[in-house]
Amino acid sequence: MSEVRVRFAPSPTGVLHLGGARTALFNWLFARHTGGKFLLRIEDTDQKRSTDESTNAILDALQWLGMKWDEEPIYQSARMEEYKASLSRLIDEGKVYKCYCTPEERQVMRDEAKSAGRTFIYDGRCDGKPDQPDKQFVWRFRISKDGETVVEDLVQGRVVTPNYEIEDLVIARSDGTPLYNFVVVIDDAAMGITHVVRGKDHLTNTPKQMAIYQGLGLPIPSFAHLPLILGLSKRLRSAGVESYRDQGYLPGAVNNYIARLGWSHGDQEIFSDTELADKFDLADVNRSEGALNVEKMEWINQQHIMATGREGLAAMVVPFLSTAGVEVALDDPRLPPACETVQLRSKTLVEMAAKVKFYFLEDDAIVYDEKAAKKFLTQESKVRIAGMATALEGSLDWTVQSIEDAVNGFCESSDIKLKHVAQPSRVALTGEATGPGLFEMMVVLGRASVLNRLRRACGDE
RNA sequence: GGCCCCGUCGUCUAGCGGUCUAGGACACCGGCCUUUCACGCCGGCGACACGGGUUCGAUUCCCGUCGGGGUCACCA
């Protein structure tokens with residue numbers, strides 16, 4: 001069997017939303033799984049709606065998600081000559097005809113069909129008409145009304161359409177520019193596409209396209225139509241991939257989530273990209289559409305954060321610290337251990353940045369949460385904190401174990417429990433009542449900062 | 001409206017005629033662990049849309065109803 005070749009073919013009229021990303025992902029996974037090629041085609045034949053800005057945004061998003069394409073992207077706007085050539089072949093072979101119907105006439109036909117409760121199918125009334133040189137026309141592709149067209153869809157199963165329900169479709173505008181259903185066929189054939197994997201909204205185009213393949217004498221590829229993603233809200237559904245990046249999602253987590261939406265592999269929930277490619281199969285894709293669920297996506301993101309090494313997290317969190325107003329050097333040695341202390345507590349990189357922020361502030365820049373300060377920074381606890389600071393002053397190693405021993409020792413000698421001093425000192429060090437484990441945090445912060453912050457909290461301000 | 005697709009816990013799903021008093025995950029509610037918050041662990045709540053068939057037996061097969069989605073362009 002020949003090599004699998006699949007493609008993702010966005011039209012550059014906006015951002016790449018999650019639905020598009022999932023279509024791309026399934027193509028990419030299928031290619032990786034089968035050892036085939038993943039290609040890109042930019043469908044920019046509609047000059048009015050297409051922009052370079054959008055093309056770049058889509059390419060950036062795919063890149064961020066880690067879906068590398070294997071050949072240079074094809075731009076339809078650069079292939080007009082090809083389309084013209086195919087059209088003239090069809091003209092020469094008498095497979096198309098000129099249609100002179102005006103928009104108004106077509107509207108009348110549509111209205112009639114609708115009021116009669118029928119599917120509107122252009123009736124071919126212009127087929128065989130003599131030329132009318134002074135009138136505008138479009139090219140229609142003639143489709144035999146006998147028999148039926150069968151799509152053996154790899155996801156949807158066998159879908160049968162009677163040919164009398166497939167109309168003679170317009171393949172070129174009055175100005176001669178080709179239309180979608182025509183160019184798709186030419187391009188997929190030219191690119192050697194073996195499997196057309198796309199959204200289910202294209203299912204009804206498929207019989208038309210199959211007829212064109214046959215008219216052009218081209219081999220028909222396999223088809224797989226993916227169920228669409230339902231949005232819980234319009235906002236959720238239309239958000240671009242980059243907004244998820246900005247919200248602190250890891251690309252692998254986004255892939256994991258959208259893959260699991262409509263596809264499954266037993267009870268497994270968490271997949272790396274390579275695991276996905278390894279286990280993905282079109283046969284396991286569901287036919288029913290799924291809805292976006294933010295809580296689950298966050299949980300999956302958290303799982304991916306937990307599975308990422310501290311060095312990797314450090315590199316990723318820096319830009320988020322920056323937007324949180326704290327500039328930290330990429331090679332700051334505190335960064336990896338700081339990330340490690342909040343790794344189990346962060347659902348997104350935005351959260352992670354917020355949680356490690358305190359490490360990098362000046363000691364006297366810590367702002368105490370009002371409620372936390374009121375509850376924990378009491379006169380009584382200030383005395384305890386001061387005592388603890390002194391206990392930490394000595395010549396002990398600055399490790400989790402030695403700090404813990406020193407603090408426990410202090411508690412014993414003062415006849416208090418750890419909890420009497422833990423929360424107050426957490427507030428002193430971070431400003432918050434919640435945060436990383438006390439001793440781990442102290443190690444990262446360093447002795448000087450710890451003592452500074454502890455004593456600052458004891459002062460009467 | 002015509003045509004097409006779909007319909008298991010709130011959500012994502014497992015299930016491919018008997019193993020289902022329907023399994024897992026998120027969320028939610030208890031509990032354990034514990035210096036806080038998390039993580040982790042244990043337990044709970046919670047679904048086969050409805051009605052007919054077929055069958056010894058239907059969540060699984062067929063039909064209908066209802067519900068959801070898609071599509072009916074000189075857009076892609």
Side-chain angles (χ1 to χ4, degrees), chain A residues 9-13 43-46 48-50 76 99 101-103 106-107 110 113-121 136-140 151 153 155-157 159-162 165-167 169-181 183-184 199-207 225 227-228 230 232 257 260-270 286-300 302-303 306 341-347 351 355 372 376 404 407-408 411 417-427 430 432-439:
Chain A
S11 56
T13 55
E43 309 219 318
D44 55 354
T45 52
D46 190 341
K48 284 195 265 311
R49 300 197 303 158
S50 305
Q76 291 190 321
C99 174
C101 295
T102 64
R106 292 196 311 271
Q107 192 54 48
R110 259 194 290 275
K114 186 161 186 180
S115 56
R118 294 193 326 263
T119 305
F120 168 64
I121 297 295
Q136 275 208 332
F137 66 88
V138 296
W139 286 107
R140 276 190 194 271
V151 182
D153 195 281
V155 170
Q156 300 295 326
V159 182
V160 181
T161 309
E165 279 181 6
I166 310 172
E167 76 172 348
L169 69 157
V170 178
I171 62 171
R173 297 185 176 94
S174 344
D175 64 5
T177 56
L179 257 14
Y180 173 72
N181 280 117
V183 299
V184 163
K200 209 176 71 172
D201 49 337
H202 287 290
L203 187 58
T204 53
N205 285 326
T206 308
H225 288 92
L228 275 11
L230 253 43
L232 260 31
Y257 179 69
R260 273 291 283 106
L261 203 54
W263 171 85
S264 61
H265 185 78
D267 285 339
Q268 187 171 349
E269 298 285 352
I270 303 303
N286 288 173
R287 290 187 204 177
S288 54
E289 54 279 282
L292 257 20
N293 180 258
V294 176
E295 283 78 28
K296 181 123 183 190
M297 191 163 31
E298 282 182 341
W299 177 78
I300 287 181
Q302 182 173 22
Q303 298 298 311
M306 292 194 290
T341 62
V342 300
Q343 186 166 19
L344 264 29
R345 297 162 231 266
S346 308
K347 291 202 279 281
E351 265 188 40
K355 286 180 197 295
F376 295 113
E404 185 169 357
V407 172
N408 280 142
C411 288
K417 301 249 192 223
L418 176 59
K419 66 178 177 185
H420 292 128
V421 82
Q423 280 303 83
S425 49
R426 170 169 288 106
V427 176
T430 71
E432 308 285 335
T434 66
L438 194 58
F439 310 122

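Per chain, numbering begins at 1; letters A, B, ... match sequence-line order.
Ionic pairing of Lys296(A) and Glu269(A) is present here: one or more N-O contacts between side-chain nitrogen and carboxylate oxygen are shorter than 4.0 angstrom.
The residue Glu43(A) sits close only to the backbone: its heavy atoms come under 4.0 Å of sugar-phosphate atoms, none of a base. Nucleic acid contact class of Gly435(A) (heavy atoms, under 4.0 Å, all strands): base. Pro436(A) comes within contact range of at least one nucleobase, with a heavy-atom separation under 4.0 Å. Among the protein residues, Tyr257(A) comes within range of no part of the nucleic acid, since none of its heavy atoms lies under 4.0 Å from any strand. Among the atoms of the strands shown, base atoms are found under 4.0 Å from some heavy atom of Arg426(A). At a threshold of 4.0 angstrom between heavy atoms, the contacts of Gly437(A) include nucleobase atoms, whether or not backbone atoms are also involved. Among the protein residues, Leu438(A) comes within range of the nucleic acid bases, having at least one heavy atom under 4.0 Å from a base atom.
If you run side-chain contact (heavy atoms from CB on, under 4.5 Å) between His225(A) and each of Thr206(A), Asn205(A), Thr204(A), Val155(A), only Thr206(A) comes through.
Within the structure, every side-chain polar atom (N or O) of Arg287(A) is placed at least 4.0 Å from both OP1 and OP2 of rC5(B). For rG7(B), the OP1/OP2 oxygens have no side-chain nitrogen or oxygen of Ser288(A) closer than 4.0 Å.
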> Tell me, for nucleotides 67-75 of chain B in 5' to 3' order, what letter each nucleotide earns: B for a base near a protein heavy atom under 4.0 Å, S for only sugar-phosphate near one, - for neither?
Replying inline: --SSSSSBB
For nucleotides 26-28 of chain B, tabulate all protein N/O to nucleotide N/O atom pairs closer than 3.5 Å, reporting atom names and distance.
{"from": "rC26(B)", "atom 1": "O2'", "to": "Lys296(A)", "atom 2": "N", "distance (Å)": "3.2"}

Write out a two-atom table: protein N or O, nucleotide N or O from nucleotides 43-50 of chain B, distance below 3.5 Å.
none

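Taking the side chain of Arg345(A) as heavy atoms from C-beta on, and the options rC4(B), rC37(B), rU35(B), the nearest nucleotide is rC37(B). When distances run from any side-chain atom of Leu418(A) to the nucleotides rC5(B), rC12(B), rU35(B), the shortest one goes to rU35(B). Taking every side-chain heavy atom of Leu344(A) into account, rA38(B) is the closest of rG40(B), rA38(B), rC12(B). For Arg260(A), whose side chain is taken as the heavy atoms from C-beta onward, the closest listed nucleotide among rA76(B), rU35(B), rC12(B) is rC12(B).
Remark: rG10(B) base-pairs with rC26(B); criterion is Watson-Crick or G-U wobble with both hydrogen-bond distances under 3.5 Å. Remark: rC3(B) base-pairs with rG70(B). Criterion, Watson-Crick or G-U wobble with two distances under 3.5 Å.
Under the 3.5 Å distance criterion, the side-chain polar atoms of His420(A) are matched with a main-chain donor or acceptor of Lys417(A). Between the side chain of Arg426(A) and the main chain of Pro436(A), a donor-acceptor pair closer than 3.5 Å is present. Arg287(A) places no side-chain N or O within 3.5 Å of a backbone atom of Pro227(A) that could act as its donor or acceptor partner.
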> After noting the C-alpha distance and the side-chain angles of Ile171(A) and Asn181(A), does the key distance pass the side-chain contact (heavy atoms from CB on, under 4.5 Å) rule?
Replying inline: CA-CA 7 Å; Ile171(A) 62 171; Asn181(A) 280 117; 5.9 Å; no
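At a cut-off of 3.5 Å, with distance as the only test, no side-chain donor of Asn286(A) or Ser288(A) sits close to an acceptor on the other residue.
Between rA14(B) and rC5(B), the two C1' atoms lie 22 Å apart (nearest whole Å). Taking atom P in both rC50(B) and rU11(B), one finds a spacing of 15 Å when rounded to whole Å.
Of the inter-residue distances, the one linking Cys101(A) atom SG with Arg140(A) atom CZ reads 6.5 Å to the nearest 0.5 angstrom. Arg345(A) contributes atom CZ, which lies 11.0 Å from atom CD of Gln302(A) (distance to the nearest 0.5 angstrom).
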